[in-house]
S.K.: 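Take a look at this one; I'll ask things after.
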2 protein chains.
Amino acid sequence: MLRTELSRRASCSPETVRHYERIGLIEAPPRSTAGYRLYSTVHLRQVCFIRAARSLGFDLDEIRRMLVLARQPDAPCRPLDAVTKTHLRHIDEKIEQLRHLREALARILASCEGGKIATCGIVEALHGEDCQTKPNPSGFNHGGAHITR
Amino acid sequence: MLRTELSRRASCSPETVRHYERIGLIEAPPRSTAGYRLYSTVHLRQVCFIRAARSLGFDLDEIRRMLVLARQPDAPCRPLDAVTKTHLRHIDEKIEQLRHLREALARILASCEGGKIATCGIVEALHGEDCQTKPNPSGFNHGGAHITR
DNA sequence: AATGAACCCTGTAATCGTTACAGGGTCAAG
DNA sequence: CTTGACCCTGTAACGATTACAGGGTTCATT
């Protein structure tokens, strides 16, 4: 099959398929006399694998490693399991971060009372306390130009 | 103050400050005779605002709009409130997505029983069902090259 | 036979936010 | 005078994907 059909069956764009070949994630397929890429169902399975993993949030480098592992039917699948577990931990961390962030944002939002910008809690919150006019939080300027001309 | 001091007080890198100027997020400061950028505390406040908003996950385009709003003390802060609320919704959506993703991944992980790759549920799950050998999910190939030579 | 439409090829640049590099100049202290 | 820390500029890298320009090929319909 040609590139567009492969991409359609794997639910991605033709450009993405070319990209995967360019970065060596899938092998370059044979070509027709006109130079067209001729894909087999083996390629299709690989691209489907990649897309499924991408949609689960794996990055292409993780996927590259997974493909190497998945290619050997007789190898133990513990290493693949390990990659997946690590990824799951990353996702848990990301969720945790977003929760904190959500909380902070909600707090800030609550401080707005619908008045003018000048008295808005959001604006104030976003200016923080640890920057401001305090000149030199931890000494620096080790030999350098003037500080404040 | 010079760029490094500004960046240190705003907790970012000097390059980031230059970047913000380049994309017009902060105004270009006056220069010393040697061509050095000379920042005031007004710039500092702006960069702090930006960094605080970034750490809450706003993108630079949202921040650009917020800066315009925040600059007018007498304007009502409802528009700013709206931007923030929209962002909060985005975060909630992202958390929800990640939860789904986490669930899917955990299910897949559970299907691995520690045997060989050939029988591993992870590999199988990642190959999905909606690609495979089915040739033409929704008719296409409107006047084009051969489908399968 | 000619035309149009849908595909194919290539190389390159865009996106987002940030960092890094190269190849210079400036300034103060040792 | 050297060292070191900073300054300047322009440009390219990251990751994943998309977009564009400027071609060529195949097939169906006029």
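All of these numbers come straight from a predicted model, not from anything done at the bench.
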S.K.: Taking the side chain of T16(A) as its heavy atoms from C-beta onward, which of dT18(D), dA16(D), dC7(D) lies nearest to it?
M.R.: dT18(D)

S.K.: Decide, yes or no, whether a salt bridge links E15(B) with R18(B) under the criterion of side-chain N to carboxylate O below 4.0 Å.
M.R.: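 R18(B) and E15(B): salt-bridged.
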
S.K.: Would you check, one step at a time, whether the test side-chain contact (heavy atoms from CB on, under 4.5 Å) holds for L2(B) with T4(B)?
M.R.: CA-CA 6 Å; L2(B) 298 180; T4(B) 296; 5.7 Å; no

S.K.: Rounded to the nearest angstrom, tell me the gap between atom CG in L25(B) and atom C1' in dG17(C).
M.R.: 11 Å

S.K.: Using a cut-off of strictly less than 4.0 Å, decide whether R31(A) has a side-chain nitrogen or oxygen near OP1 or OP2 of dT10(C).
M.R.: yes

S.K.: Given atom CZ of R3(A) and atom P of dC7(C), what is their separation to the nearest angstrom?
M.R.: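 After rounding, the gap between these two atoms is 11 Å.
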
S.K.: Can you tell if the side chain of L80(A) reaches within under 4.5 Å of the side chain of M66(A), non-hydrogen atoms only?
M.R.: yes

S.K.: Once hydrogens and angles are ignored, does a donor-acceptor distance under 3.5 Å link the base of dG10(D) to the side chain of R18(B)?
M.R.: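 In this structure, the two groups form a donor-acceptor pair.
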
S.K.: Under a 3.5 Å threshold, yes or no: a donor from one side chain and an acceptor from the other, between R64(B) and Y20(B)?
M.R.: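 No, because no side-chain N or O of R64(B) sits under 3.5 Å from a partner of the opposite role on Y20(B).
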
S.K.: Roughly how bent is the helix from dA1(C)-dT30(D) to dG30(C)-dC1(D) end to end, in steps of 10 degrees, with each end axis from five pairs?
M.R.: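 Computed from the C1' atoms at both ends, the axes differ by 30°.
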
S.K.: Please determine whether a side-chain nitrogen of the Lys or Arg among E103(A) and R99(A) lies less than 4.0 Å from a carboxylate oxygen of the Asp or Glu.
M.R.: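 Result for this pair is no, no salt bridge flagged.
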
S.K.: Looking only at the side chain of R22(B) (C-beta and beyond, no hydrogens), which of the listed nucleotides dT26(C), dC9(C), dT19(C) gets closest?
M.R.: dT19(C)

S.K.: Which nucleotide sits closest to the side chain of E15(A): dC20(D), dA20(C), dT17(D)?
M.R.: dC20(D)

S.K.: Check this one for me: any side-chain N or O of R8(A) less than 4.0 Å away from OP1 or OP2 of dC7(C)?
M.R.: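 So the side-chain polar atoms of R8(A) do come within 4.0 Å of the phosphate oxygens OP1 or OP2 of dC7(C), strictly under.
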
S.K.: Tell me if the side-chain of Y36(A) makes a donor-acceptor pair with the base of dG24(D), cut-off 3.5 Å, by modelled atom types.
M.R.: yes

S.K.: Going by atom types alone, do S40(A) and H43(A) pair a side-chain donor with an acceptor below 3.5 Å?
M.R.: yes

S.K.: In terms of side-chain heavy atoms of A34(A), which of dA16(D), dT26(D), dT18(C) is nearest?
M.R.: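 The nucleotide sitting nearest to the side chain is dT26(D).
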
S.K.: In terms of side-chain heavy atoms of T4(B), which of dG17(C), dC9(C), dC7(D) is nearest?
M.R.: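 My answer, after comparing the listed nucleotides, is dC7(D).
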
S.K.: Between dT9(D), dC9(C), dT18(C), spot the one nearest the side chain of R37(B), thanks.
M.R.: dT9(D)

S.K.: Could you check whether any side-chain heavy atom of L98(B) comes within less than 4.5 Å of a side-chain heavy atom of D92(A), counting everything from C-beta outward?
M.R.: no

S.K.: In whole angstroms, how far is the P atom of dC27(C) from the CE atom of M1(B)?
M.R.: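 Value for this atom pair: 19 Å.
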
S.K.: Nearest heavy atom decides the nucleotide; on that basis, is Y20(B) or G35(A) closer to the 5' end of DNA chain C?
M.R.: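 By nearest-heavy-atom nucleotide position, the 5'-most residue is G35(A).
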
S.K.: State, with a plain yes or no, whether a side-chain heavy atom of I50(B) is found less than 4.5 Å away from one of L60(B).
M.R.: yes

S.K.: H19(B) and T16(B): side-chain donor and acceptor closer than 3.5 Å?
M.R.: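 Side-chain D/A pair, H19(B) to T16(B): absent.
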
S.K.: In whole angstroms, how far is the P atom of dT26(D) from the CG atom of L38(A)?
M.R.: 11 Å

S.K.: Mind checking whether R89(B) and T86(B) have side chains closer than 4.5 Å, heavy atoms only?
M.R.: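 Side-chain contact under 4.5 Å: yes.
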
S.K.: Just how far, in rounded Å, is P of dC16(C) from NE2 of H90(B)?
M.R.: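 Rounded to whole Å, this separation is 15 Å.
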
S.K.: Among the candidates dT17(D), dT18(C), dC8(C), find the nucleotide nearest to the side-chain atoms of L2(A).
M.R.: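 Closest nucleotide among those given: dC8(C).
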
S.K.: List in numerical order all residues of residues 56-66 of chain A for which some heavy atom is under 4.0 Å away from an atom belonging to DNA chain C.
M.R.: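 Contacting residues: none.
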
